[in-house]
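What follows is one structure encoded as structure tokens, with my remarks underneath.
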There are 2 protein chains.
Amino acid sequence: MTRIDDVARLAGVSTATVSRALRGLPTVSEATRRRVRLAAEQLGYTASPSASRLAGGKTGTVAVLVPRIGAWFPGVVVDAAEELLRPAGYDLLLHHVGGPDHARQRLPRTADLPKRVDAVLLVGTPALVSAAPVFAAPEYGGRARALPGVTVAAGAPVPGWSSVGIDDVAAARIATEHLLTLGHRRIVCLSGDPADQFTHPGDLDRRWGYREAMQAAGTPPEAIVEVVARGGVDGGRQATASLLARPGPTPTAIMATCDEMAMGALVALRRAGLRVPADVSVIGVDGHEFARIVGLTTVAQPAAELGRLAVGTLLDRLAGRSRGDGVPERHILPTRLVLRDSTAPPREN
Amino acid sequence: MTRIDDVARLAGVSTATVSRALRGLPTVSEATRRRVRLAAEQLGYTASPSASRLAGGKTGTVAVLVPRIGAWFPGVVVDAAEELLRPAGYDLLLHHVGGPDHARQRLPRTADLPKRVDAVLLVGTPALVSAAPVFAAPEYGGRARALPGVTVAAGAPVPGWSSVGIDDVAAARIATEHLLTLGHRRIVCLSGDPADQFTHPGDLDRRWGYREAMQAAGTPPEAIVEVVARGGVDGGRQATASLLARPGPTPTAIMATCDEMAMGALVALRRAGLRVPADVSVIGVDGHEFARIVGLTTVAQPAAELGRLAVGTLLDRLAGRSRGDGVPERHILPTRLVLRDSTAPPREN
DNA sequence: TTGTAGGCGTTATCAT
DNA sequence: ATGATAACGCCTACAA
């Protein structure tokens, strides 16, 4: 492979000049720069990342930490991240962080992240698996502040890092209020098990939002019903099925803390022979890609935008053009209610 | 940050020995190794990747190229890849390759991949965007063979690379035969536009499978109907809608070349007031995560397994323990018909 | 504006 | 089994 010397020789300049010219440093005459560029192009030269990184002390890499990439939200954010990171000249190092066990296993590897990346993007990670213990733990030098980072929809804040997300309490409140406005009174909240490693990070807050809305509507405490399910669509389905099997009146509406749960509820209701929204209304929170397909009403969060904002914040910081001078920023983006076919006024009033 | 010298000093050995001991090379006495390990642990030492890479001539990184990560299939494969690459000591460099324009734009960057990675995993990329032109193009030195790689469900083979996938023709044939067996005769094939950059790579082959099955069943040519749609769920929905608007008898079944299309068809049929499977049967190919939720019958490909097999092949190759001695392998994994609620015998015969 | 030369932290080679 | 010592390929003072 051609090295910097080859280019220097062909262009008739020193290696230092080649380095400067190719990186667009100002102290190079345009004529020289052209010559160097030409020579580099002819030889198909690209600087060796390993060498530049060693000499320059920067990795030119951003670690993106996700619980798993297959899920909808992380996928969207990572998509956005790639799209921004690449043109900015950064490599994207993908890293899974799983549940608690997982995290413990991977702690050593994650701990040497500072040597391989310039910054970290932590996406959609439940509080349980938060990177805080990883980056702030004293046994690892508590380097949180040394390595810049941004969290997106993460359960627990990482000290010293900026964060981007939505107001989960408000989102759930809006969802619940929508049902209340339609006339529903027997509304059940379906949420994920906080102990589950893959439960949506905002789940707990969203339960709060449900409660707030219900209480504000003057709902008696015994009518505020929260059902906790195992994670994912299947968890939502099962929980809903057993909810329907309970004695007493069936709820007229279900507010799920995330769309996957809501979709599980849809399946369970359909199997139980109940019509949505004729018999039961269902609303979710997330704006999941497939909510549209199944006609699920939801409070959507701007996932891609969250990702772009997060990466933008990170890049600003890395480029030294951050506003607050290193002070963590806290971005809250608005959600919006997306009306579809899964909600309607209750049949009997 | 602590360097190798610090460890060497503390352990009372040379840096060379530290390097050897920590990497598990055989020429180190157990006693020494223990001492070195201890010292390294005490100091929290990890070798600098940049330096190792420069000195060792290996990047310890695998590039994973996907059209976009948000889609289902790539997501699953990347998940599997991360899970295998990490413990093997490889970093995962995520890289988008978009459509034709995209590819052209990114060609220069992609071309310097050989300097940043030891191998490439190309996932679910339509023929149009195949990496072949990137890695085999003469203007880039035609380094295809220099950089080991594996494709997973990629449209066009990359010369010199191994490939992992399913038999797309057979998969579609199985799907079509299922409908034929149920008694359907007016079966329409719904597929993606080959010109679309995000169309499923196996689409063309799957159309072949449909034709083969139809012909084998003695279907008259005019009853072999193929509808081409724009990509994604929406494309499937629109194409199905306009199909239903056509004069003449409605088909009794739809064979979609991928599950997303099939789900689009489900939406269109529902909106048109047609019942599935009572009025129209729908079958897809893919085994998409959400097919289960919407009750879609499909011919499933083992996505995660494909990913694991691909990475395994790559790791074997990198470790020098490949079977055929550098000869590209071709793995075809079996699919399976998953019966759900979207297919049934036609109403009238 | 450009060139010179030392250093970045490891690994590999060659002795011992 | 271990140690000394070149590379590895680039960047960054510093000098010119």
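The structure presented is a predicted model; accordingly, all values stated were derived computationally and were not measured.
- If you check every strand for non-hydrogen atoms under 4.0 Å, A:Ala16 touches a base.
- Side-chain contact between A:Val62 and A:Leu318: present, with at least one pair of heavy atoms (C-beta onward) separated by less than 4.5 Å.
- Looking at heavy-atom distances under 4.0 Å, B:Thr27 makes contact with a base.
- Nearest nucleotide to the side chain of B:Leu54, out of D:dA1, D:dG9, D:dG3: D:dG9.
- As rounded to whole Å, 11 Å separates atom C1' of D:dC10 from atom NZ of B:Lys115.
- Sparse packing is recorded around CD of A:Glu41, with 12 or fewer heavy atoms of other residues, nucleotides or ligands lying under 6.0 Å away.
- Proximity of A:Ser52 to the phosphate of D:dC10: no side-chain N or O atom is located under 4.0 Å from OP1 or OP2.
- In terms of phosphate contacts, A:Arg23 brings a side-chain nitrogen or oxygen within less than 4.0 Å of OP1 or OP2 of D:dT12.
- Side-chain atoms of B:His96 and A:Arg86, non-hydrogen and from C-beta on, never get closer than 4.5 Å to each other.
- Across all strands, B:Thr32 comes closer than 4.0 Å only to sugar-phosphate atoms, never to a base (heavy-atom distances).
- Residue A:Arg20 is in base contact, counting any heavy-atom pair closer than 4.0 Å across all strands shown.
- One can place NZ of A:Lys58 at 23 Å from P of D:dG9, the figure rounded to the nearest angstrom.
- The distance from atom CG of B:Leu22 to atom C1' of D:dA1 is 17 Å, rounded to the nearest whole Å.
- Here the straight-line distance linking atom CG of A:Leu94 with atom CG of B:Leu92 works out to 5.0 Å at 0.5 Å rounding.
- Side chain of A:Arg308 to main chain of A:Ala80: no donor-acceptor pair is present (N/O by atom type, distance under 3.5 Å, no hydrogens or angles).
- Checking the phosphate oxygens (OP1, OP2) of D:dC10, no side-chain nitrogen or oxygen of A:Ser48 falls inside 4.0 Å.
- For the OP1/OP2 pair of D:dC10 and a distance below 4.0 Å, the side-chain nitrogens and oxygens of A:Thr15 include no atom meeting the criterion.
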* To do: Start with the C-alpha gap between A:Thr59 and A:Asp118, add the side-chain angles, then the distance that decides, and say whether side-chain hydrogen bond (donor to acceptor under 3.5 Å, both in side chains) holds.
  => CA-CA 6 Å; A:Thr59 66; A:Asp118 296 333; 2.8 Å; yes
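- Rounded to a whole Å, the CZ atom of A:Arg3 is 14 Å from the P atom of D:dC11.
- Between B:Arg116 and B:Thr61, the shortest heavy-atom contact is O-CB, 3.6 Å.
- Across the protein-nucleic acid pair, B:Arg116 atom CZ and D:dC10 atom C1' stand 14 Å apart, rounded to whole Å.
- Here chain A contacts DNA chain C (any atom closer than 4.0 Å to a heavy atom, that is under 4.0 Å), and the contacts span C:dT1 to C:dG9 from 5' to 3'.
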